[in-house]
There are 2 protein chains.
Amino acid sequence: MPTATAAQRRQRAREAYDAFMAECPTRQLLDTLSDKWMGLVLASLGGGPKRHSELARKIAGVSQKMLTQTLRTLERDGLVTRTVTPTVPVRVDYALTPLGRDLAPVMLAIKAWAEEHMDQVRAARAAYDAGRPEDATSPALP
Amino acid sequence: MPTATAAQRRQRAREAYDAFMAECPTRQLLDTLSDKWMGLVLASLGGGPKRHSELARKIAGVSQKMLTQTLRTLERDGLVTRTVTPTVPVRVDYALTPLGRDLAPVMLAIKAWAEEHMDQVRAARAAYDAGRPEDATSPALP
DNA sequence: CCGCATCCGACGCGATACTG
DNA sequence: CAGTATCGCGTCGGATGCGG
């Protein structure tokens, strides 16, 4: 396969799928990627392979169920590998596949953007809320 | 403001906030950005200002309620502007703010990634599902 | 130590109808 | 055309207990 094909494949792929269409498989994939923990898990694994418990510790607030669920989805989609080492207490490692390593930077970009622009967003929110204090919180106090 | 400040500000921001912490405001922002329709709305508005109905038409499958909700959140966070033209049938236009224009490419990158790698993901899913056909269909037992 | 299955409460979300 | 309000269902997501 000559190198010229790379650009062509990109082009073909972008034409074949359009996430704006409701039934397009891409929409489903996009939804999956947009899941609450996907970004953090991928960002975390971007720093190297991790064990289940390591991830749970690093990503504060995630329940064991959600973490497993997220990891299984990622595994199914070919973004991470799940390696079980049958020692006495079982050891399970998760690592990014090449596909996952390709995606991780993009997810990291969002995380980075959020961290960098948090101040501006908070300012915008404050301004917005100040403009309409009526419709915010009001009803039924204890 | 000298150029040296830009990099410093980035650095400071990334140190001040860490989305891995549960209570960090960044986590909340990240969740918001990961919402089902955020990416598509931002991607759509990246192509220029749009009316409410235009967005609804372009983004197949979104309900009017969700679209409004998403747009209001984006407005509150300072990512889009909402312009009301009080003609007889009211006209409302949405456009990206500078902040939104900064974020849009990142969201587009995810959408593009999904569209470009859909084939590989589908292949991975097929392979995964083929490996464990047992745990798929099972119930229907006495 | 890992993670799967179950139960169950809480919203998220869509459909509908009404105001400006 | 844009947006709000209400209702009902479906799903998500947390807690617990067991199996490997």
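Naming: A, B, ... by sequence-line order, numbering from 1 per chain. These numbers come from a predicted model, not from an experiment.
Atom CD in B/Gln69 sits about 12 Å away from atom C1' in D/dT4, given to the nearest Å. As a whole-Å value, the separation of B/Leu74 CG from D/dG3 P is 13 Å. One can place NZ of B/Lys65 at 8 Å from P of C/dG14, the figure rounded to the nearest angstrom. Rounded to whole angstrom, the span from the CZ atom of B/Arg91 across to the P atom of D/dG3 amounts to 13 Å. Atom pair B/Met38:CE and C/dC13:C1' shows a separation of 15 Å (rounding to whole Å applied). Distance CZ (B/Arg72) to P (D/dG3): 7 Å, rounded to an integer number of Å. Protein atom CE of A/Met66 is 13 Å distant from nucleotide atom C1' of C/dA5, rounded to whole Å.
At C/dG3, none of the side-chain N or O atoms of A/Thr68 fall inside 4.0 Å of OP1 or OP2 (strictly under the cut-off). Dashed line: the shortest gap from a side-chain N or O of A/Tyr94 to OP1 or OP2 of C/dC2 is not under 4.0 Å. Close to D/dA2, at under 4.0 Å from its OP1 or OP2, lies no side-chain N or O of B/Arg82.
Remark: the A/Gln69 side chain and the A/Thr73 side chain contain no N/O donor-acceptor pair separated by less than 3.5 Å.
Using a 4.0 Å heavy-atom cutoff across all strands shown, A/Val90 reaches at least one base atom of the nucleic acid.
A/Ser44 places no side-chain N or O within 3.5 Å of a backbone atom of A/Leu40 that could act as its donor or acceptor partner. Although no hydrogens or angles enter the test, the distance criterion places a donor-acceptor pair under 3.5 Å between the side chain of A/Arg27 and the main chain of B/Ala60.
Residues of residues 47-58 of chain B having a heavy atom closer than 4.0 Å to DNA chain C: none are found.
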CA sep, side-chain torsions, deciding dist, call: A/Gln64, A/Thr68, side chain to side chain donor-acceptor pair (under 3.5 Å): CA-CA 6 Å; A/Gln64 185 272 345; A/Thr68 299; 3.2 Å; yes

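The residue among A/Val88 and A/Lys36 whose nearest nucleotide of DNA chain D is located toward the 5' end is A/Lys36.
Under the side-chain hydrogen bond (donor to acceptor under 3.5 Å, both in side chains) rule, B/His117 has a single partner from A/Asp77, A/Asp102, A/Thr26, which is A/Asp102.
Of all heavy-atom pairs spanning A/Leu45 and A/Tyr94, the tightest one is CD2-O, 3.4 Å.
The base of C/dG14 does not come close enough to the side chain of B/Gln64 for any donor and acceptor atom to sit less than 3.5 Å apart.
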